[in-house]
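Here is the structure we will look at.
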Amino acid sequence: MKFDPWNPEFVAYPYDVYRDLRDNDPVSFFEPTGQWLIARHADVNALLRDRRLGRSYLHVGTHEAFGREPEPEFQEPFWRVIRAGMLDVEPPVHTRLRRLVSKAFTPRMVESLRPRVRKIATQLTEGLVERGGGDLLAEVAEPLPVTVIAEMLGVPEADRHLLRPWSADICGMYELNPSLEVQHTAVRAATEFAEYLRELARARRQRPGDDMISALAQVVDDGDRLTEDELIGTCVLLLNAGHEATVNATGSGWWALFRNPGELERLRADPGLMPTAVEELLRYDTPAQMFERWVLEDVEVGGVTIPRGVEVALLFGSANRDPGVFADPDRLDLGRVDNPHISFGAGIHFCLGAPLARVEMTESFGALLRLAPRLELAEEPTWKPSYIMRGLESLKVTV
Ligand code: HEM
């Protein structure tokens with residue numbers, strides 16, 4: 001098999017192909033997307049920190065200057081929302097936006113949320129246990145991070161069911177060469193999501209609550225530190241990033257435990273292993289398999305010169321199985337201590353929500369181990385067709 005992000009078999013198990021790339025072709029051109037695939041940990045890690053690359057090129061030149069077609073006009077409402085969030089901008093705008101929200105995500109702030117996260121995880125798990133089992137993804141892995149981020153931002157409970165479909169539809173645009181239908185669905189979702197948040201932020205400006213949307217709406221009013229578009233872009237980003245990967249990490253993590261019963265038993269016997277276990281599960285089946293960067297100035301990677309104006313595809317899933325960095329990388333070892341996995345990225349865009357994701361995973365794995373000591377897989381799960389945001393369709397279990 002070759003690197004083929006549209007092939008379900010590859011998506012289900014990309015690791016042999018990654019090994020082949022790392023060994024034989026660590027920097028290779030991938031014709032179907034016109035990108036350079038980067039397979040080794042050292043290169044992925046270095047490029048994430050290299051300011052000659054960017055998540056965008058629009059801070060240094062136009063589409064034309066980079067030899068690119070502007071996006072089709074129908075996508076304009078989508079990019080307007082997405083490019084107003086910190087993930088798709090570079091300094092100095094990135095620095096300003098990140099600083100405004102980073103206070104809410106410091107390890108200390110996030111630690112203060114732990115009791116609430118634990119309570120939600122416990123309630124969801126109790127529900128699953130009462131029903132004798134069900135879909136761990138839909139019943140625990142999804143609602144936990146959605147509820148947490150929605151509460152932080154202040155999205156009313158009655159509207160929360162809207163968030164997951166909007167976010168999933170928006171993520172469709174990030175897959176490689178999305179179909180026209182997927183693109184239109186993503187544009188529609190971004191437009192509706194933005195309209196919804198605009199209304200909510202205006203309401204909160206009039207009657208502030210103790211939540212992040214109210215706080216950010218206040219910053220818009222304070223002067224020129226945040227525009228209304230940036231407020232919307234920030235909220236969309238937080239709501240999306242705030243659960244999409246966490247859901248997949250939880251589902252893939254449990255699937256890895258079921259396939260490695262010895263490790264699952266080890267964790268049951270010693271819950272003190274949880275911190276290293278969470279890191280190892282994030283490494284072993286990386287929830288976001290690939291992130292892209294634009295080359296803003298020619299760079300040399302592993303002896304290959306990659307010219308300005310092209311895109312590199314950083315293969316996180318491959319980097320996380322690199323034997324040059326991880327001893328016995330295909331083995332799940334929940335006690336692994338030397339584990340510099342790259343699942344949260346690196347450099348200026350390093351995941352802002354990493355402390356929160358860790359608390360959410362620790363609490364949901366902990367609640368399931370505690371309250372469902374005989375948790376078992378009910379049927380073999382299947383992977384969703386998406387490669388970049390890689391996750392299971394469902395995870396049916398019995399308790
Ligand atoms: C297991 C769960 C998660 C994983 C694997 C993950 C992974 C990532 C990665 C790899 C990036 C960097 C992307 C790049 O460099 O191109 C990122 C950025 C980001 N993540 Fe996460 N994330 C997770 C959970 C969360 C949560 C829970 C939140 C917030 C509530 C969050 C908020 C963000 C934000 C705001 C950024 C953009 C940071 C910036 O551009 O400066 N993430 N995440």
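In each ligand, atom 1 is the first atom listed, and ligand 1 is the first ligand listed. Values in this document were obtained by computation on a predicted structure and should not be read as measured data.
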TODO: Specify side chain, backbone, both or neither for His94, according to which of its non-hydrogen atoms lie closer than 4.0 Å to ligand 1.
DONE: side chain

- [ ] Within a distance under 4.0 Å of any heavy atom of Pro287, pick out the atoms of ligand 1 and give their elements.
- [x] 5 (C)

TODO: Find all atoms of ligand 1 within a distance of less than 4.0 Å from any non-hydrogen atom belonging to Leu356, and give their numbers and elements.
DONE: 30 (C)

Open item on the list: Set out, in order, the CA-CA distance, both residues' side-chain angles and the distance that settles salt bridge (Lys or Arg N to Asp or Glu O under 4.0 Å) for Glu195 and Arg198, then state yes or no.
Closed with: CA-CA 5 Å; Glu195 270 165 24; Arg198 210 175 291 275; over 6 Å; no

Open item on the list: I'd like the name of whichever of Ser343, Ala241, Gly253 reaches closest to atom 25 (C) of ligand 1 through any heavy atom.
Closed with: Ala241

TODO: Just jot down the ligand 1 atoms closer than 4.0 angstrom to any heavy atom of Phe105, in number order.
DONE: 29 (C), 30 (C)

- [ ] Specify side chain, backbone, both or neither for Thr246, according to which of its non-hydrogen atoms lie closer than 4.0 Å to ligand 1.
- [x] both

Open item on the list: List ligand 1 atoms under 4.0 Å from Gly242, heavy atoms only on the residue side.
Closed with: 26 (C), 27 (C), 28 (C), 29 (C), 30 (C)

- [ ] Tell me, please: is Thr286 in heavy-atom contact with ligand 1, that is, under 4.0 Å?
- [x] no

TODO: Record the part of Ile149 in heavy-atom contact with ligand 1 below 4.0 Å; permitted values are side chain, backbone, both and neither.
DONE: side chain

Task: Arg131 atom CZ: more than 12 heavy-atom contacts under 6.0 Å - done: yes

Task: Test: Arg336 cationic atom under 6.0 Å from Phe326 six-membered ring centre, within 45° of axis - done: no

Task: Contact partition for Phe291 relative to ligand 1, non-hydrogen atoms under 4.0 Å - done: side chain

Open item on the list: Quick test of your reading of the model: are Glu363 and Arg114 salt-bridged, counting only N-O distances below 4.0 Å?
Closed with: yes

Task: Leu87 neighbourhood, listing ligand 1 atoms whose heavy-atom distance to it stays under 4.0 Å - done: 13 (C), 37 (C), 40 (O)

TODO: Please find out if less than 6.0 Å separates the ring center of Tyr13 from that of Trp383.
DONE: no

TODO: Mark up the atoms of ligand 1 that fall under 4.0 Å of a heavy atom belonging to Ala357, in ascending order.
DONE: 1 (C), 2 (C), 24 (C)

TODO: May I ask you to check whether Thr305 and Glu300 show a side-chain donor-acceptor distance below 3.5 Å?
DONE: no

- [ ] Identify the residue among Tyr174, Trp6, Phe10 that makes a ring pair (Phe, Tyr, Trp, His ring centres under 6.0 Å) with Tyr387.
- [x] Phe10

Task: Basic-acidic side-chain contact under 4.0 Å: Glu199, Arg202 - done: no

Task: Residues Asp16, Arg19: salt bridge by 4.0 Å N-O rule - done: yes

Task: Atoms in ligand 1 flagged as close to Phe316, the criterion being non-hydrogen separation under 4.0 Å - done: 10 (C)

TODO: State, without any angle test, whether Asp23 and Tyr18 hold a side-chain donor-acceptor pair at a distance under 3.5 Å.
DONE: no

Task: Parallel, tilted or perpendicular: ring planes of Phe3 versus Phe30, cut at 30 and 60 degrees - done: perpendicular

Open item on the list: Against ligand 1, does Leu282 come closer than 4.0 Å with any heavy atom?
Closed with: yes

Task: Option set Arg293, Arg358, Met152, criterion heavy-atom distance to atom 15 (O) of ligand 1, minimum - done: Arg293

Task: Proximity to ligand 1 by part of Arg98, non-hydrogen separation under 4.0 Å - done: side chain

Task: Under 3.5 Å: N/O of His243 near N/O of ligand 1 - done: no

Open item on the list: Considering His349, Arg55, Met389 one by one, which has a heavy atom nearer to atom 16 (O) of ligand 1 than any of the others?
Closed with: Arg55

